[in-house]
Structures are given as C-alpha cells and as structure tokens.
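Here's the structure, in structure tokens; my notes come after.
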Number of protein chains: 2
Amino acid sequence: MTVTIYDVAREANVSMATVSRVVNGNQNVKPATRKKVLEVIERLEYRPNAVARGLASKKTTTVGVIIPDISNNIYAEAARGIEDIATMYRYNIILANSDQNEEKELILLDTMLGKQVDGIVMMSDAVTPKLHQSMDHSPVPIVLAGSVDESNTFASVNIDYFQATKDAVQMLIDNGHKRIAFVSGPLSYTINSHYKLEAYKTVLNEANIEVDEQLIIADDGTYDSALEAFEALAKIENPPTAFFAGSDELAIGLIHGAQDNGKKVPEDIEIISFENSKLARMVRPQLTSVVLPLYDIGAVAMRLLTKLMNKESIEDHSVIIPHRIEKRNSVK
Amino acid sequence: MTVTIYDVAREANVSMATVSRVVNGNQNVKPATRKKVLEVIERLEYRPNAVARGLASKKTTTVGVIIPDISNNIYAEAARGIEDIATMYRYNIILANSDQNEEKELILLDTMLGKQVDGIVMMSDAVTPKLHQSMDHSPVPIVLAGSVDESNTFASVNIDYFQATKDAVQMLIDNGHKRIAFVSGPLSYTINSHYKLEAYKTVLNEANIEVDEQLIIADDGTYDSALEAFEALAKIENPPTAFFAGSDELAIGLIHGAQDNGKKVPEDIEIISFENSKLARMVRPQLTSVVLPLYDIGAVAMRLLTKLMNKESIEDHSVIIPHRIEKRNSVK
DNA sequence: ATGAAAGCGCTAACAA
DNA sequence: TTGTTAGCGCTTTCAT
C-alpha cells in the first residue's frame with residue numbers, strides 16, 4: 001500500500017539505484033532519466049522512508065535536544081534558536097524536557113542515542129560526573145548550550161556569566177550602593193547561578209564592601225519569591241538599596257515589592273536584571289538588564305553541532321558570545 | 001564497533017530472536033535464559049537500534065509536533081503538556097515551528113511523515129484547504145490542539161473560545177460599560193481570534209450595544225501595539241471605558257497605556273484578558289482573565305493521539321475542555 | 001521455549 | 001550513466 005523506491009523503479013523502468021540517485025540529487029543521472037523518474041515519483045506520490053534511509057546510511061538527520069523545561073521562556077528562546085538553525089541545515093529535532101533531573105537526563109541521552117540521532121544539544125545546569133561519563137561515551141557529538149563545562153571536554157556555547165554579573169553589580173556599586181542584595185533561583189539548579197554568586201562576591205570584595213549573607217537570597221526563582229524577598233529584606237537592619245536579580249521575573253517581583261513598600265525605583269531602590277527577555281520592557285520602570293542572548297546561544301550551539309557532525313575542524317570548541325547591558329530605567 | 005543484537009545473541013548462546021524477545025519483554029522466555037541474555041546486554045552495553053526496530057516493526061514511537069512558535073509562551077506551555085504525556089506513553093517528539101506559515105506546515109507534515117512518525121499533534125490557526133487535504137492523506141492519526149476544525153474531520157482539543165469570550169465581554173457589560181474595545185493580534189493568524197471577535201460582536205448585539213469598528217483593533221499582538229492602541233483609543237470621541245484583550249501581553253500593554261494616560265485600572269478603565277499565563281499576576285493590578293488551559297490542551301491532545309495510534313475507539317474526537325474566568329483586579 | 005529465515009526500504013560499493 | 005547486490009539491525013512469522 002505504501003509506495004516504495006522499488007515501485008518507482010519498476011514504473012520508471014530503471015533500477016532502485018537510479019531512483020535513489022535522483023532522490024538524493026546525485027549528478028550521475030541522465031537528465032532524461034531524471035525527468036522520467038521525477039514524474040513517476042510525483043504520480044505515485046512517493047515519499048522516501050527516512051527510517052530505511054537512516055538504517056542504510058547510518059544518518060538520521062535528526063538531532064536530540066535536551067533542555068530543562070520548554071515552558072520556561074529562557075529555554076524556549078534557546079530552543080527556537082536551535083530549531084531554526086537545525087532547519088536551515090535540514091535537521092529535525094527531538095525535543096525533551098529533563099527538569100534538570102540527572103536521572104532523566106541520563107535516560108534521555110540513552111533514548112536519543114538509541115534513536116540514532118546524529119548529534120545532541122544539551123542544556124543542563126550541572127554536568128554531573130555520571131552525566132559527564134555518559135556524554136563521553138556518546139558515539140555522536142554533543143554540544144552544551146548555556147552550560148559551562150569546567151573540564152572543557154565538551155563543545156559549549158555561553159556568555160561569560162562571571163564577567164557579566166561583575167559588570168552588572170559594578171554598575172550598582174558605581175552608583176554608590178553599599179548594600180546590594182543578590183536574588184536568584186535555587187543555586188543548585190538554576191542555570192549558572194553559582195557563577196553569578198561568585199561574581200557578586202568577588203566584585204563586592206574588590207570594592208571593599210562586606211558580603212552580607214543576609215542579602216543573598218536563593219529561593220525558587222518565582223515572581224512571588226522575589227516579592228517576598230523584598231518584603232523580608234526591607235525589614236532587616238540596614239536594608240539593601242540595590243538588587244541584582246538573576247532573571248527578569250525576579251526583577252519584576254522586586255520592583256513590585258519595592259512599590260508595595262512605598263519605594264520608588266530607581267530613585268529609592270535600584271534593580272538590575274540578568275536576562276533581558278521581552279518581559280524587561282513590560283514593567284514600569286523598564287528593566288536595566290544584562291542581555292542573555294538565548295536565541296543566539298541556541299543557534300550558535302546548533303551551528304557548532306553541524307560542524308562537529310560534519311567532522312569539520314573547529315577552531316575553539318568552547319565559544320563565548322559577547323554580552324552587554326541594556327540600560328533602561330530600573331537603574332539610574 | 002557498535003554492539004548489535006547479533007553480538008548479544010552470540011555471546012549469550014541464543015538466537016537473535018530470543019534476544020529480541022527479552023528486549024521487548026516477551027513472556028515466552030525461560031527465566032534462566034532471560035537472565036543470561038540480560039547479563040550479556042549489560043556487559044556489552046547493548047543499546048537497541050531504534051531505527052532498525054522502526055523499519056522492521058513499522059513503529060517509531062515518535063510523534064510529530066507542529067506548532068507556530070515555541071518561543072511564544074502560549075505554544076511552549078502546550079508543548080510541555082504534549083511532551084509530558086508523550087513521555088508517559090513512551091513516545092518522543094519531533095518538534096518544529098511553522099510560524100503559522102501554510103507552506104512550512106505542508107513541508108513539515110511531509111517531512112514528519114517521511115520520518116515515519118506514529119502520529120502528529122498540530123497547532124495551527126488556519127486549517128486551509130491545502131493543509132486539510134494533506135492531513136487527510138496522512139497515513140497516521142493527527143490531532144489538532146487549540147485549533148478548531150470546522151469540518152469536524154480531525155480530532156481536536158479546545159475550549160469554547162466563542163462562549164469564553166462572550167463570558168468575558170458580558171462581565172464588562174454587566175459592570176455597566178457601553179464602550180468596550182476589542183484588542184487582539186492579527187485576525188488572520190492569531191489563534192482563534194476570529195471566534196473571539198465574533199463572540200464580541202454577538203454579545204454586544206445581544207446587549208443592544210452598537211458595534212463600533214473603531215473599537216476593534218487587531219495589530220501585531222505585541223505589548224507595544226497595545227500601548228499604542230490605548231493611546232489611539234484614548235483620543236477618539238467617546239473613548240472606551242473597558243477592554244477585552246486577546247492575550248495577557250496585550251492586557252499588560254493596555255494597563256500601562258491607561259496608567260500612562262493618568263487612568264486608573266479598574267476604577268477608570270476595566271480590562272479583561274484571555275490567557276491567564278503567569279504574566280497575569282506579574283502586573284499591577286493583576287489581570288482578570290479567561291483561563292486558557294494550554295498545558296491541558298496539549299496534554300489531552302497527546303492523550304487522544306495515543307488512543308488513536310492504538311486504534312482504540314474514541315467517544316468523541318472533538319473534545320472541549322471547560323473554561324472559567326479567574327477574577328483578579330483589572331475588573332471590578 | 002527457542003531458532004531459522006524472510007523481510008522492512010533504503011544506501012553504497014562494485015560492476016558493467 | 002546505470003544496474004546488481006549485499007547489507008543496515010531489527011521484528012516477526014513459522015517451525016520445531
């Protein structure tokens with residue numbers, strides 16, 4: 001019932017090899033033959049079976065994409081970058097959510113390798129030893145997107161989170177603040193948050209400002225948690241006058257928290273965010289934010305993967321995309 | 001170099017058929033044999049080749065998911081619902097963005113069918129004749145998620161957009177408004193927006209309120225467009241006192257637009273949204289909104305698809321999920 | 001309970 | 001330029 005390459009060959013009075021050649025754009029086919037075959041393909045509505053092709057050629061033209069959570073805008077943005085470039089290079093993507101759960105990541109890796117993907121793009125906060133080992137055993141290239149591999153074993157695409165955070169906090173320090181709070185999601189599995197915290201502490205130290213653990217809040221990363229964080233910090237002795245927020249959502253929570261407490265941003269409280277999603281402009285005042293180019297990170301990661309799959313030589317397999325700060329109105 | 005079922009069979013002194021049986025959980029294997037095979041599988045780190053399996057069994061345990069844009073929260077939420085249920089039933093998903101572009105949709109459908117997916121979940125605003133025809137020709141089941149199929153040919157999962165919008169606008173009418181604006185994205189390709197517009201007109205008519213085309217704005221659906229829409233509508237003679245917004249993003253733009261014009265929400269201007277994403281709570285006042293259960297729509301669609309792929313009988317292939325309005329503070 | 005063998009639909013030498 | 005043929009790694013009758 002389904003039309004196979006054999007049916008086309010018979011109808012066109014050629015061998016399957018010839019049909020295969022025209023389907024695959026091989027030039028060694030006489031134009032007349034090609035035309036004839038193409039006509040039969042059209043008439044029979046022949047559609048090559050990619051599974052059979054994959055088995056025979058050992059290439060599936062599909063890549064696996066493992067991300068924490070597609071419903072989180074951060075990852076969705078990156079996923080779009082990945083998919084766009086994948087499409088550009090004629091790959092399809094198998095997308096799966098890991099929820100930053102090592103066990104799921106391991107299973108997903110295995111499943112995808114079982115499906116014979118040609119490569120994998122992975123976003124994960126923690127490349128644990130087990131994960132590292134599984135990735136090492138992969139028969140196909142893997143590139144990390146938005147995740148730093150400290151062992152420098154795997155290809156990866158990132159911005160310099162450490163420096164970017166330093167820049168952001170420095171901006172606050174330059175505006176005269178001594179009491180600067182750090183608000184993020186869970187340090188254990190909010191992507192790259194520990195680099196941010198390190199940078200925060202480092203830059204404070206460099207400015208001879210004491211690091212006060214009270215000012216470091218790592219809750220669940222939600223809007224509400226930021227609202228509560230502001231509330232709680234407003235009550236302490238010598239409360240913060242400026243905030244570094246790990247994401248736009250947190251920054252908005254902080255702004256609303258400040259406003260609920262009768263504080264004006266940026267007059268009384270200055271807030272800098274780290275993300276710059278479209279949310280950054282959907283709040284008053286609009287957020288000054290480190291721009292985290294998620295789409296680009298995804299796109300570059302996928303592009304890098306295509307090179308790796310193609311066995312092209314790579315200059316540097318750990319690429320750092322430049323970052324910048326978009327100045328709006330939450331910082332003077 | 002790669003371990004195949006044949007290697008396992010040889011090492012375990014059984015036939016490949018037996019190995020296949022234990023891998024697939026077939027009960028017709030003596031426990032001792034099973035144990036022996038399992039040991040060899042572990043020792044050799046054998047991983048079944050899903051492509052070969054797919055070719056032989058004609059099942060790939062992967063489904064195609066065609067959505068407009070994964071970086072749009074609406075679709076990302078639905079995608080997560082789809083993926084979660086897919087995972088639950090041991091399917092993987094091939095995810096692709098169509099940008100609501102008919103040509104891309106057609107190509108994607110073809111590509112996925114070529115990859116022998118076992119089924120497809122599709123989100124598309126307009127099931128055009130061509131698309132309809134291609135879908136009709138599909139050898140595997142397709143279910144529409146969040147997209148109404150007026151011909152009732154395909155399985156689909158939706159809420160009652162018409163009734164939901166009527167409920168929302170009615171709420172504004174009940175609060176005494178006569179000048180109610182309708183703000184949405186492009187009517188031609190914002191999902192289900194034409195149902196919303198019809199409902200808006202219908203309920204206005206029912207309340208003997210004249211439909212004023214001036215009050216109907218269908219721009220690009222962005223925050224900025226809503227800001228501008230408010231601005232523009234504030235200047236007309238007899239400006240609107242209430243707004244129906246097609247999405248949370250638009251509603252937030254409207255709120256900010258109102259505030260920029262010195263109006264208070266909900267005292268001076270009432271606004272009701274249609275989406276209820278997490279954004280609905282991230283603005284002051286928080287949005288009263290029709291809840292569009294995207295995750296559920298995706299999840300139910302995928303569940304429905306599993307039944308269809310399994311050739312189970314379906315009660316009704318057009319499922320309507322109940323809707324409700326979440327009351328917050330943008331409406332009195 | 002187990003094995004033998006015939007495909008699944010295609011690619012890729014190798015020949016011609 | 002075209003055809004022949006041997007797999008790719010697995011599932012699935014059909015025997016035994």
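Note that the structure is predicted; figures quoted are calculated from it, not measured. Here is the naming used below: chain letters follow the sequence lines, and residue numbers restart at 1 for every chain.
Protein chain A touches strand DNA chain D; the 5'-most and 3'-most nucleotides with an atom under 4.0 angstrom of its non-hydrogen atoms are D:dT1 to D:dG9.
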Where protein sits on nucleotides 6-16 of chain C, one letter per nucleotide: B base, S sugar-phosphate only, - none, heavy atoms under 4.0 Å: -BBBBBBB---

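By the side chain to side chain contact (heavy atoms under 4.5 Å, CB included) test, B:Val300 pairs with B:Val157, B:Val319, B:Ile321, sequence neighbours left out. When the side chain to side chain contact (heavy atoms under 4.5 Å, CB included) test is applied to B:Asn152, the partners found at least two apart in sequence or on another chain are B:His317, B:Ser318. Taking B:Ala56 as the reference, nothing meets the side chain to side chain contact (heavy atoms under 4.5 Å, CB included) condition, with sequence neighbours excluded. Residues passing the side chain to side chain donor-acceptor pair (under 3.5 Å) test with A:Lys35 are A:Glu39, sequence neighbours excluded. Residues meeting the side chain to side chain contact (heavy atoms under 4.5 Å, CB included) test with A:Gln133, sequence neighbours left out: A:His137.
Relative to the axis of its first five pairs, the axis of the last five pairs of the helix from C:dA1-D:dT16 to C:dA16-D:dT1 sits at 30°, rounded to 10 degrees.
Of the residues in residues 26-43 of chain A, those with a non-hydrogen atom less than 4.0 angstrom from any atom of DNA chain D are A:Asn28, A:Val29, A:Lys30, A:Thr33.
Within the 4.5 Å cutoff, the side chain of A:Asn158 has no heavy atoms near those of the A:Ile297 side chain. A 4.5 Å side-chain heavy-atom check between A:Val37 and A:Glu11 finds every atom pair outside the cut-off.
Residue pairs meeting the ring-ring contact (aromatic ring centres under 6.0 Å, His included) criterion with at least one member in residues 77-104 of chain A, sequence neighbours excluded, do not occur. Residue pairs meeting the salt bridge (charged side-chain N to carboxylate O under 4.0 Å, His left out) criterion with at least one member in residues 72-97 of chain B, sequence neighbours excluded: A:Asp69-B:Arg80, A:Asp99-B:Arg80, B:Arg80-B:Asp84.
Side chain to side chain, B:Asn310 and B:Thr306 fail the donor-acceptor criterion of an N or O pair below 3.5 Å.
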Please list, one pair per line, the donor and acceptor atoms closer than 3.5 Å that link side chains of residues 111-119 of chain B to other protein atoms, with sequence neighbours excluded.
unit_1: B:Thr111; atom_1: OG1; unit_2: B:Ile107; atom_2: O; d: 2.8
unit_1: B:Lys115; atom_1: NZ; unit_2: A:Thr60; atom_2: O; d: 3.1
unit_1: B:Lys115; atom_1: NZ; unit_2: A:Thr61; atom_2: O; d: 2.7
unit_1: B:Lys115; atom_1: NZ; unit_2: A:Thr61; atom_2: OG1; d: 3.2
unit_1: B:Lys115; atom_1: NZ; unit_2: A:Asn92; atom_2: OD1; d: 3.0
unit_1: B:Asp118; atom_1: OD1; unit_2: B:Thr60; atom_2: N; d: 3.1
unit_1: B:Asp118; atom_1: OD1; unit_2: B:Thr60; atom_2: OG1; d: 3.3
unit_1: B:Asp118; atom_1: OD2; unit_2: B:Thr60; atom_2: N; d: 3.2
unit_1: B:Asp118; atom_1: OD2; unit_2: B:Thr61; atom_2: N; d: 2.6

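Atom CD1 of A:Ile74 is separated from atom OG of B:Ser71 by 13.5 Å, given to the nearest 0.5 angstrom.
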